[in-house]
Every structure is written in C-alpha cells, then in structure tokens.
Amino acid sequence: MAKAATKGTKKAAAKPAAKMAKPAAKVTAAKMSAKAVKPGAKAAPKATAKAALKATAKAALKAKAQPAKKPAVKLSMLRPSVNNMTVRVFTRAAGLDHAETDAWGLTRTPEFLARNPAHLTPMIEDKGLPRGVLWESCAIMQYLANKHGLDKFYPKAPAKRAMVDSAMFYLVGTLYPYVARATYPALGFPQYAGEVGHSDAHPDKKSEAQKAAIAAIAEPLEVFHSFFRDGKPFIGGNNPSIADIRLAATLEFLAVIDYALPSWAKDYMAAIEKKLGKAYAEPAGDVRGYIAHVKAQATA
C-alpha cells in the first residue's frame, strides 16, 4: 500500500509541474521571438563576419596573383668600407626600397667588370641611368635625392645646394686622401699607386708619410666645423644632409688609429647617429666591427 500511495503521489505532483512548465516555455519562446525581431540583433555580427572572411579571401587571392615587387634600388657594396657605408646609411635614412649585395671578392669578375669597368663600390643599378649603373658614393646620393625629390637631404635652393656640394667635394678631394693615407696601412687596405705607402720605400719612410697625413687631418676638420657648419648642428642645417652622412662615415675610419677627434666632432657624430637612428647605426656597426677585428689582430 505504501508503494502504491507513493506512485500516486508522484503522478499527482508531476502533472501540475508539467502544466506549470508549459506556460514558462511559451513565455521564453515569445521572448526569444521578440529578440529576433529587433533590428541589429545577432544576425548582423554573422553578416559582418562573413563579409570579413570574403574580403580576406579576396586579398589573399590578389596577393598570390601579383608577383613580388623588385626593389627600387640594387646596391652592390662592401661592408667594411666607409664609402659604401655612406650610401647604405642614405638609402635607409631616405626610406628607399633597396636590396644590398655583398660584392666582396666579386668586383674583378668578368660579369662585374662588364657593367662597371672601374670595379668600384658602392654601385647602384637603375634602368633610368644611361649605362644602367652608377658608382661613387656622392654621385649616387645626389642622383637618388634628385630622382626621389629628397630635399631634406639635398636642398634644391641653388645656394644651399652649392654649400652641400662644396663640402662633399672638399671632403673627397682633401680630407679623405689624408684619412686614407693615415688609416689604410692599419686597415690592411692597398694604397693608391704613387703613394709612399704603396712603394718599396723603407718602413721608416712609410711611417713618416703616415704621421704627416695624420697631422694634416686637423686643418680640414676645422674647416668643416667653422665654415661649413658655421654654428649649425649639421652642414645641412637642422637636419643631416648627404654631405653630413659622407663626413660622419669618413670619420668612422679614424678609430683604427685611435685618432683624438676634437670634442665637437665626437658630439657631431653622436648627433647624426641619434638623428638617423638605425639607418646610421646598422651600417656603422659593420665598419666598427671590422675595425675592432683589425685592432684585435694587431695586438694578438
């Protein structure tokens, strides 16, 4: 009897519960329907997601269909060289799309000589050039600045441009030959024909010539400080010009002979590196690394 009563009780209790559940289900369904009718509900995010997926798929197809862009500037260079460092800094600072090829050991190959009989680096390749290639660091920077309208580095105003040109030509014609005579023996670079360092002169004579070149550096350095900068942060004014890049790179070589740069020159080089950031620091790192290697070999 107890079992029967229990079953009856359970059935009786279950019926009202079922009845109570039905209205609740209806209310819930009604609420859900009402929510579905509201504009902008749940359907919009799905549509947006689908549209985003379609757009991504289209972009991926376009990327596959389009061939990789060729760099605007092809640069053949030698990492330990300050002449090469000049153009490497410039292309980075100017934000030019470029690709570098290390030409170490390749400049005398028939393939290289066919394009560049002077066998010099840095060298750029550009279809717009009459012979397709251009060497000499200053000429390369001038060309690229003109082509891409980089007035910040190479001003268009005739008077300002003349000062930048004069500084570069004075550097190439006067300062750099002194730097080369002073540093090439320590760097292990071959000196130019006709130089004492290139001759079979007695080592004492070669040492005297090197010391004379070291002593001569101070004068053109002061000319850059007092005349070309003339109280300005850089030769280009408030921003480094192509002449500043060429000068700073040249001064990097003097570390190999522990040349005592004047305080203004140290501050000047630090200011250029700070202004140009990685554009200067990365190529300079290659030159500094080579100098450190040479000095380590000399003391080993």
Self-check item: Verify same cluster id: V287, M141 (apolar side-chain graph, 4.5 Å)
Solution: yes
Quiz prompt | Smallest separation among heavy atoms of T109 and L106, with atom names | solution = OG1-O, 2.7 Å
Practice problem: Please report the C-alpha distance between T121 and S81 in whole Å, then the side-chain angles of each, then the deciding distance to 0.1 Å, and finally whether the side chain to side chain contact (heavy atoms under 4.5 Å, CB included) criterion is met. | Solution: CA-CA 9 Å; T121 60; S81 163; 5.6 Å; no
Self-check item: From OH (Y268) to CG (L251), nearest 0.5 Å
Solution: 7.5 Å
Quiz item: Does the side chain of P122 come within less than 4.5 Å of T86's, by heavy atoms?
Solution: no
Quiz item: So do I140 and F90 actually touch side chain to side chain, heavy atoms under 4.5 Å?
Solution: no
Quiz item: Which heavy atom of F153 sits nearest a heavy atom of P240, and at what distance?
Solution: CD2-O, 3.5 Å
Quiz item: Should the heavy atoms of other residues, nucleotides or ligands under 6.0 Å from NZ of K232 be counted, would the total exceed 12?
Solution: yes
Quiz item: Pairs in or reaching into residues 135-155: which pass salt bridge (charged side-chain N to carboxylate O under 4.0 Å, His left out), with residues at least two apart or in two chains?
Solution: D126-K147
Quiz prompt | Separation of D286 CG from N84 CG (nearest 0.5 Å) | solution = 10.5 Å
Which pairs would a plain distance check flag for residues 209-228, meaning a side-chain donor or acceptor within less than 3.5 Å of a matching protein atom at least two apart in sequence or in another chain?
| unit_1 | atom_1 | unit_2 | atom_2 | d |
| --- | --- | --- | --- | --- |
| Q210 | NE2 | A182 | O | 2.8 |
| H225 | ND1 | R229 | NH1 | 3.2 |
| S226 | OG | E222 | O | 2.9 |

Self-check item: Side-chain donor/acceptor of H119 to backbone N/O of T107, under 3.5 Å
Solution: no
Quiz prompt | Heavy-atom closest contact (M269 atom, A248 atom, distance) | solution = CE-O, 3.7 Å
Self-check item: side chain to side chain contact (heavy atoms under 4.5 Å, CB included) between T101 and L75, intermediate numbers included
Solution: CA-CA 6 Å; T101 299; L75 171 64; over 6 Å; no
Quiz item: Quick one: does Y290's side chain have a donor or acceptor within less than 3.5 Å of a partner on L187's backbone?
Solution: yes
Quiz item: What's the shortest heavy-atom distance between A249 and V82, and which atoms?
Solution: O-CG1, 3.0 Å
Exercise. Any pair with a residue in residues 251-272 that passes salt bridge (charged side-chain N to carboxylate O under 4.0 Å, His left out), sequence neighbours left out, goes on the list, sorted by first then second residue, please.
Key: E252-R288, D258-K295
Quiz item: How far apart are the closest heavy atoms of L276 and A93, and which atoms are they?
Solution: CD2-CB, 4.0 Å
Exercise. Calculate, to the nearest 0.5 Å, the distance between atoms CG and CG belonging to L247 and L175 respectively.
Key: 6.5 Å
Self-check item: Intermediate values then yes/no, side chain to side chain contact (heavy atoms under 4.5 Å, CB included), D165 and Y154
Solution: CA-CA 9 Å; D165 287 340; Y154 194 39; 2.7 Å; yes
Quiz item: Where the side chain of S166 meets the backbone of M163, is there a donor-acceptor pair that is under 3.5 Å apart?
Solution: no
Quiz item: Short question: side chain of S207, backbone of P203 - any donor-acceptor pair under 3.5 Å?
Solution: no
Quiz item: Taking only residues two or more places apart in sequence or in another chain, which ones pass salt bridge (Lys or Arg N to Asp or Glu O under 4.0 Å) with E282?
Solution: R92
Exercise. Please step through side chain to side chain contact (heavy atoms under 4.5 Å, CB included) for the pair Y259 and F253, ending with a clear verdict.
Key: CA-CA 9 Å; Y259 184 86; F253 259 177; over 6 Å; no
Self-check item: Short side-chain to backbone donor-acceptor contact, K156 and G149, under 3.5 Å
Solution: no
Exercise. Indicate, with yes or no, if V196 and Y192 share a hydrophobic cluster defined by side-chain heavy-atom contacts under 4.5 Å among Ile, Leu, Val, Met, Phe, Trp and Tyr.
Key: no
Quiz item: Hey, does the side chain of T174 reach the backbone of L171 with a donor-acceptor pair shorter than 3.5 angstrom?
Solution: no
Quiz item: CH2 of W104: more than 12 outside heavy atoms within 6.0 angstrom?
Solution: no
Quiz item: Distance from M85 atom CE to I245 atom CD1, nearest 0.5 Å?
Solution: 9.0 Å
Practice problem: Enter the distance from I124:CD1 to H98:NE2 here, rounded to the nearest 0.5 Å. | Solution: 11.5 Å
Practice problem: State yes or no: do L78 and Y176 share one hydrophobic cluster built from I, L, V, M, F, W and Y residues joined by side-chain heavy-atom distances below 4.5 Å, directly or via other members? | Solution: no
Quiz item: Got a sec, which pairs hit salt bridge (charged side-chain N to carboxylate O under 4.0 Å, His left out) with one end in residues 236-251, sequence neighbours left out?
Solution: none
Practice problem: Output the rest of the hydrophobic cluster of L120: all Ile, Leu, Val, Met, Phe, Trp and Tyr residues reachable through side-chain heavy-atom contacts under 4.5 Å, sorted by chain and number. | Solution: F112, M123, V133, W135
Quiz item: Between the main-chain N or O of L150 and the side-chain N or O of H148, is there a donor-acceptor pair closer than 3.5 Å?
Solution: no
Quiz item: Counting heavy atoms not belonging to D204, are there more than 12 under 6.0 Å from its CG?
Solution: yes
Exercise. Calculate, to the nearest 0.5 Å, the distance between atoms CD and OG belonging to Q191 and S199 respectively.
Key: 9.0 Å
Quiz prompt | Same apolar cluster (I L V M F W Y, side chains within < 4.5 Å links), L134/L113 | solution = no
Exercise. Indicate the atoms forming the closest heavy-atom contact of H198 with A193, along with that distance.
Key: CD2-CA, 3.6 Å
